[in-house]
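One structure below.
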Amino acid sequence: MREMLLILLSLACSACIGAPAFLLCRPFAVLRGGRWQKALMLAGLGYMGSLPIWVGDPNLLYALPVFLAAFLLCTRGDLAGRLAVGAILFCLIMSLSALIDNYAAEVLRGGFTRDAFSLLLRAAALAGIWLALKKRLPDQPVSLSLRLWRLVLGLAAMPLCSLAAVVLLTGGVERPPQVNSIALKLGLAVLPVALATSVLLLFSITVLAEHETLEQARRLASLREAYYQALRARESQARQLRHDLRNHLSVLGGLMEQKRWAEACAYLDGLGRQEGLRGPVRFCENEAANVVLAVKAAELEQAGVRADFKAQLPPSLPLADTDLCALLGNALDNARESAAQCPDPWVRLRCRQDKGLFMLRVENPVPGPVDPDLATTKADRAAHGFGIPGMREIAQRCGGTLQAGARQGRFCLLVSLPAGRS
């Protein structure tokens, strides 16, 4: 009976460990939609958090690939980001468990059994970490560029290497008492640093995500400013045309009296091309998309590239304005850079929301072969694909897909997102 109660207590404690660990994980990783993946994530975090961890025990390193494999199976999105978050959570849980098992449980357990008290203490500590970070944790999973995720992955190697050092430098089947004493002292010096570093890395991810969101908002604001500046310039030109209308009519009248029809037609054609006679460009009802398309259409015209835009978007979209701006802006920038090098430059865009899907398709000619991995930089304008990793990250985070490739001298990019997700 006592053994049964201990088993039930251990299962309850594992669940208590898994719950705050799951809450810590959710803002940093996009979980797959299936219920079994979420249940597996919760159970896996609870199990990993309940493992006994001893300083110098190599089982800690054996658990790492299993944990990362389960974490990748239950999440989706950028691989570097998932590896970074998985490594940070592993270091946080393992360093906390090692501190409690090796140092705190024996001193504080009182009348409890060592194992039960250790599990309760782990659950309380993880809950405390979650409560301390709760106000800073975002409601939706964070979004970082591939460059920043790689930076975080590199930083996550520091606590991971610290844990590995505690294991590998003092590990062994049989350890003399002197080596065991040194191992415990080394663990007491290293494990708190690994734990604190892991918590700070989670906090840093939220700060980087906020910075990136502000940067995207700044870019959208810059596009809006360019759009409204163009509107003001056209309004000023229209006022100037109205002011000079009498003079224009006088010139036309004189040319017609002299029967200089060709010159009169040329004069009228010149007046018709004045920017002030063009009304404000409206591509769709969505204000953010309309701003981006208007600015990019003007850039294409200045670059001598024909623009063929058709968009049918409602005023409100489940996609955030910053993500919409990044998708449209990057796709059209790529297309302009590639098409401008072709003899007959053109860019075709089709975008609409229909039947529960947001669809974006951008096509353009290419000057030559395109790398299969679409890798490029701005300095290499002969290639196509700058910004595609960021666009792919947005598509994956929103539960959609991005397909891109060249065929028969044309590059085609297709983004499909479920309209019911944000």
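- In this structure a side-chain-to-backbone donor-acceptor pair under 3.5 Å is present from Asn330 to Ala326.
- Among residues at least two apart or in separate chains, salt bridge (Lys or Arg N to Asp or Glu O under 4.0 Å) pairs with a member in residues 197-214 are Arg136-Glu210.
- Atom CZ in Phe28 sits 7.0 Å away from atom CG in Leu24 (nearest 0.5 Å).
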Leu119 and Ile17: CA distance, side-chain angles, deciding distance, side chain to side chain contact (heavy atoms under 4.5 Å, CB included) verdict: CA-CA 8 Å; Leu119 294 177; Ile17 292 172; 3.9 Å; yes
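- Counting only heavy atoms from C-beta outward, the side chains of Ile394 and Leu402 never approach each other to under 4.5 Å.
- Counting only heavy atoms from C-beta outward, the side chains of Asp354 and Met359 never approach each other to under 4.5 Å.
- The main-chain N or O of Val55 is found under 3.5 Å from a side-chain atom of Asn102 such that the two form a donor-acceptor pair.
- For the pair Asn290 (side chain) and Phe283 (backbone), a donor-acceptor distance under 3.5 Å is present.
- In this structure, Arg348 is positioned above the aromatic face of Trp346, its NZ or CZ under 6.0 Å from the six-membered ring centre and within 45° of the axis.
- Interatomic distance, OG of Ser416 versus CG of Leu357, reported as 4.5 Å (0.5 Å rounding).
- Distance SG/Cys25 to CG/Leu89: 5.5 Å, rounded to 0.5 Å.
- By the 4.5 Å heavy-atom criterion applied to side chains, Cys284 and Gln312 are not counted as neighbours.
- For residues 398-409, the set of pairs meeting the salt bridge (Lys or Arg N to Asp or Glu O under 4.0 Å) definition, not counting sequence neighbours, is empty.
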Give the C-alpha distance, both sets of side-chain angles, the deciding distance and a yes or no for side chain to side chain contact (heavy atoms under 4.5 Å, CB included) between Asp101 and Trp54. CA-CA 7 Å; Asp101 284 348; Trp54 306 106; 4.0 Å; yes
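- Here the CG-CG distance, from Leu293 to Leu328, works out to 5.5 Å after rounding to the nearest 0.5 Å.
- Leu313 contributes atom CG, which lies 4.0 Å from atom SG of Cys351 (distance to the nearest 0.5 angstrom).
- Counted within 6.0 Å of CD on Glu215, heavy atoms from surrounding residues, nucleotides or ligands total more than 12; the atom is thus considered enclosed.
- The shortest non-hydrogen separation linking Pro159 to Leu201 is CG-CD1, 4.2 Å.
- No option in Asn286, Val292, Leu417 other than Asn286 meets the side-chain contact (heavy atoms from CB on, under 4.5 Å) test with Leu324.
- Counting heavy atoms from C-beta on, the side chains of Ile129 and Val199 come closer than 4.5 Å.
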Could you walk me through whether Arg352 and Lys310 satisfy the side chain to side chain contact (heavy atoms under 4.5 Å, CB included) test, starting with their C-alpha distance in whole Å, then the side-chain angles of each, then the deciding distance to 0.1 Å, before giving a yes or no? CA-CA 8 Å; Arg352 68 175 186 172; Lys310 290 184 180 179; over 6 Å; no
May I have the step-by-step check of side chain to side chain contact (heavy atoms under 4.5 Å, CB included) for Phe71 and Leu40, ending in yes or no? CA-CA 9 Å; Phe71 190 83; Leu40 178 62; over 6 Å; no
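- Contact record, Gly18 with Leu42: O-CD1, 3.4 Å, taken as the closest heavy-atom pair.
- Between the side chain of Ser338 and the backbone N or O of Asn334, no donor-acceptor pair lies under 3.5 Å.
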List the steps, then state whether salt bridge (charged side-chain N to carboxylate O under 4.0 Å, His left out) holds for Lys296 with Asp333. CA-CA 8 Å; Lys296 296 304 176 183; Asp333 285 343; 2.9 Å; yes
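- Arg76 contributes a side-chain N or O that, together with a main-chain N or O of Gln396, makes up a donor-acceptor pair within less than 3.5 Å.
- No side-chain donor-acceptor contact under 3.5 Å links Arg350 to the backbone of Glu363.
- Judged by distance alone, the side chain of Arg82 and the main-chain N or O of Thr75 form a donor-acceptor pair under 3.5 Å.
- Looking at heavy atoms from C-beta onward, Leu148 lies out of side-chain contact with Ile205 at the 4.5 angstrom threshold.
- Rounding to the nearest 0.5 Å places CG of Leu155 at 8.0 Å from CD1 of Ile88.
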